[in-house]
Amino acid sequence: MDFTEFSAGADDAGRRLDRIIRRFIATEQLSGIYKAIRKGLVKVNGRKASAEQHIREKDIITIASFLLNREDSAPFLQDGGGTAEAAPYTFPYEILFHNEHILIINKPYGKTVHGAADSIEKDVVKFYRTSFPERNSLSFTPGPLHRLDGRTTGILAFSWSLAGARWFSGAIASHAIQKTYLGIAQGHLEKAECWRDFISRNELDEKRTGAFHTVSARNERQSAQEKAFFSVLSPDAADSFSRNEKLAVTNAFPLQYGTYSGKPVTLVKYVIETGRTHQIRSQSALHGIPLAGDTAYGGFPLPGNQKLFLHAISLSLPADNPVGLPPEITAPVPPEFRTFLSSSDCETGLLRL
C-alpha cells in the first residue's frame with residue numbers, strides 16, 4: 001500500500017492526530033477518521049497511533065495515499081499545502097510588516113476580509129502556502145486577527161504562526177493594542193469628544209430582512225430611526241432597551257474643517273478603545289456626524305466608486321512584545337482619500353496627526 005508522508009511543524013506541536021487528519025479528509029465523518037487510524041491507514045513515525053495522540057514537531061505522519069486521492073479529500077493539498085508543488089504567486093497587497101509571527105497589510109477599499117470566494121484571507125493563505133513552504137503547517141492556517149469592514153482601508157493584521165495569533169488576540173482582548181483611524185465626517189465636530197455608547201444587532205429586523213436592518217439610535221440630544229445595520233444607544237437609553245448591548249468607546253478628535261459640494265465636513269481622528277462591528281460608523285451617526293457617503297448611517301451620498309472614507313492609519317503596540325512587532329505601524333493614506341481631502345480643503349489636517 002502506498003503512503004504519503006508529511007512532516008509536522010512547530011505550529012502542529014501539541015495538536016491531536018485526529019484534528020490534523022481532518023485537514024486532509026475534511027468531508028469524512030469523524031468515525032471514518034477514527035477507523036482509518038485504528039486500521040493503520042494513518043501512522044506517526046512509522047507506527048500505529050491513537051486518535052488522541054498529541055503530535056510533536058518533526059513527527060512524520062503517513063497517510064494511505066488512496067485516502068488523499070479521493071475527489072472530496074485533501075483540501076489542504078489543493079490550496080498548495082503539504083507536499084504538493086506550488087505555482088509561483090504574486091501577493092497583491094502592500095505589506096506594512098512581516099515576520100515569522102505576524103503579517104500586516106494595507107487593505108484596499110472594497111475588499112472582503114474573509115468569507116467570500118475572493119476574500120483577502122484566501123489570498124493570504126495562498127501566499128503562506130506557496131511563498132513560504134518551509135513554514136507550512138499541517139494544522140495552522142493564517143487568519144485575520146481583527147475586524148475591518150469591506151469599505152474601510154488601512155492596517156489589517158493576519159496571524160503567521162500560532163504564537164503570533166495567541167499573543168495578538170490576547171493583546172486585543174486586554175486593550176494593549178491601540179487602533180487609530182482617519183475618517184471624513186459630515187458636519188462639524190467642534191471639539192474632541194469621548195463617546196461611550198451601546199451597540200447591538202437589531203435582531204427583529206435581522207430575521208425579517210436579512211442583511212439590512214432598521215436601526216434605532218437614541219441619546220439625550222436626539223431620537224431617530226435610520227436605515228442601517230446595527231443599533232446604537234447611549235448609556236442613558238440602555239436601561240430601556242432589552243437586547244444584549246455591548247459597550248463601545250471611541251475618542252474623536254477634529255483635525256481639519258472643510259466643505260464638499262457646499263456641505264461642511266470634518267477630518268476626524270478616531271482612537272477606539274473597543275472593537276465593535278461598525279463601531280465608528282454607527283457612533284459617528286449617533287453623535288450627529290455620520291461619515292460622508294455612509295448612506296446606511298445617514299451620510300450624504302458621494303459620487304464615484306468609493307462610498308465612504310475611513311482609514312485604519314496606525315497600530316500602537318507594547319514595546320516589549322514577544323513577537324517582534326515595532327511600537328507603531330502606520331498605513332499610508334490611499335490616493336483616493338487624499339484626493340477627497342484636497343477637494344474639501346482638509347488635506348492640511350494630516351499634518352496634525
Side-chain angles (χ1 to χ4, degrees), residues 92-94 96 104-124 144-158 179-187 189 195 199 201-202 206 209-215 217 226-232 248 250 252 260-261 263 265-272 274-287 289-315 330-341 343-344 346:
Y93 308 104
E94 178 185 4
L96 302 174
I104 298 179
I105 67 168
N106 193 1
K107 177 189 173 297
Y109 178 84
K111 288 292 293 185
T112 301
V113 175
H114 59 86
D118 60 347
S119 69
I120 296 175
E121 182 178 25
K122 291 187 180 298
D123 291 328
V124 168
L145 293 170
H146 57 100
R147 299 188 186 102
L148 212 58
D149 292 343
R151 293 181 177 183
T152 303
T153 58
I155 289 177
L156 179 61
F158 285 84
K179 293 187 281 188
T180 300
Y181 293 74
L182 284 182
I184 299 289
Q186 174 182 328
L189 176 63
W195 301 333
I199 296 178
R201 291 179 181 268
N202 191 332
E206 197 168 294
T209 61
F212 252 76
H213 321 292
T214 301
V215 164
E226 298 173 332
K227 183 85 168 175
F229 293 100
F230 296 87
S231 297
V232 187
T250 299
Y260 182 80
S261 297
K263 300 180 179 68
V265 294
T266 305
L267 174 63
V268 182
K269 179 175 76 172
Y270 300 96
V271 180
I272 63 173
T274 54
R276 310 306 180 198
T277 305
H278 289 198
Q279 175 170 320
I280 292 174
R281 295 172 62 184
S282 56
Q283 283 192 284
S284 291
L286 175 62
H287 291 272
I289 53 165
L291 295 180
D294 195 0
T295 55
Y297 287 94
F300 55 69
L302 296 176
N305 295 325
Q306 188 151 341
K307 302 305 181 185
L308 60 86
F309 293 92
L310 182 62
H311 180 67
I313 194 166
S314 70
L315 280 182
T330 60
V333 175
E336 297 81 3
F337 201 123
R338 283 189 175 273
T339 298
F340 187 90
L341 290 175
S343 67
S344 59
C346 286

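Only a predicted model underlies this, so the values are computations on that prediction, with no experimental measurement involved. Quick note: residue numbers are just sequence positions, from 1.
Pairs engaging residues 294-304 under the salt bridge (charged side-chain N to carboxylate O under 4.0 Å, His left out) rule: Arg281-Asp294 [sequence neighbours left out].
Taking 4.5 Å as the limit, some side-chain heavy atom of Leu341 sits within range of a side-chain heavy atom of Leu267. With a 4.5 Å cut-off on side-chain heavy atoms, Arg147 and Thr277 count as touching. Phe340 is not listed as a side-chain neighbour of Cys346, based on a closest heavy-atom distance of 4.5 Å or more. In this structure, the side chains of Leu182 and Val333 come closer than 4.5 Å at one or more pairs of heavy atoms.
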query = Yes or no on side chain to side chain donor-acceptor pair (under 3.5 Å) for Tyr181 and Ser314, after CA distance, side-chain angles and deciding distance?
reply = CA-CA 7 Å; Tyr181 293 74; Ser314 70; over 6 Å; no
request  = Go through the steps to decide whether Asn106 and Ile155 satisfy the test side chain to side chain contact (heavy atoms under 4.5 Å, CB included), and finish with yes or no.
outcome  = CA-CA 5 Å; Asn106 193 1; Ile155 289 177; over 6 Å; no
task = Tell me, with the steps shown, if Val113 and Ser119 meet side chain to side chain contact (heavy atoms under 4.5 Å, CB included).
result = CA-CA 5 Å; Val113 175; Ser119 69; over 6 Å; no
Residues Ile105, Phe158; criterion side chain to side chain contact (heavy atoms under 4.5 Å, CB included); working and verdict = CA-CA 8 Å; Ile105 67 168; Phe158 285 84; 4.3 Å; yes
key: side chain to side chain contact (heavy atoms under 4.5 Å, CB included) between Ile280 and Ile272, worked out   = CA-CA 8 Å; Ile280 292 174; Ile272 63 173; 3.8 Å; yes
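Of all non-hydrogen atoms in Lys107 and Gly150, the two that sit nearest each other are NZ-O, 2.9 Å. The shortest non-hydrogen separation linking Ala157 to His146 is N-NE2, 2.9 Å. The two residues Tyr260 and Ser344 make their nearest non-hydrogen contact at CB-CB, 4.3 Å. Here the closest heavy-atom approach between residue Leu148 and residue Gly154 is recorded as CD2-O, 3.9 Å.
The distance from the OG1 atom of Thr274 to the CD atom of Gln279 is 3.5 Å, given to the nearest 0.5 Å. Within the model, atoms NZ of Lys269 and OG1 of Thr180 stand 6.5 Å from one another, a figure rounded to the nearest 0.5 Å. Taking CG of Leu96 as the start and CG of Leu315 as the end, the distance is 9.0 Å to the nearest 0.5 Å. A distance of 11.5 Å separates CD of Gln283 from CG of Leu291, quoted to the nearest 0.5 Å. Of the inter-residue distances, the one linking Ser282 atom OG with Tyr297 atom OH reads 5.0 Å to the nearest 0.5 angstrom. Rounding to the nearest 0.5 angstrom, the gap separating the NE2 atom in His278 from the CZ atom in Arg151 is 9.0 Å.
With sequence neighbours left out, Thr112 forms a side chain to side chain donor-acceptor pair (under 3.5 Å) with no residue at all.
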Scan the side chains in residues 298-313 for donor-acceptor partners under 3.5 Å anywhere in the protein, sequence neighbours excluded, and list what turns up.
from, atom 1, to, atom 2, distance (Å)
Gln306, NE2, Leu308, O, 3.3
Lys307, NZ, Gly304, O, 2.9
His311, ND1, Thr153, OG1, 2.8
His311, NE2, Ala331, O, 3.0
His311, NE2, Pro332, O, 3.2

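Aromatic pair Tyr109/Phe337: ring centres not closer than 6.0 Å.
The main-chain N or O of Ala117 is never found under 3.5 Å from a side-chain atom of Lys122 such that the two would form a donor-acceptor pair.
For the 3.5 Å distance criterion, the side chains of Tyr93 and Asp123 qualify, holding a donor opposite an acceptor.
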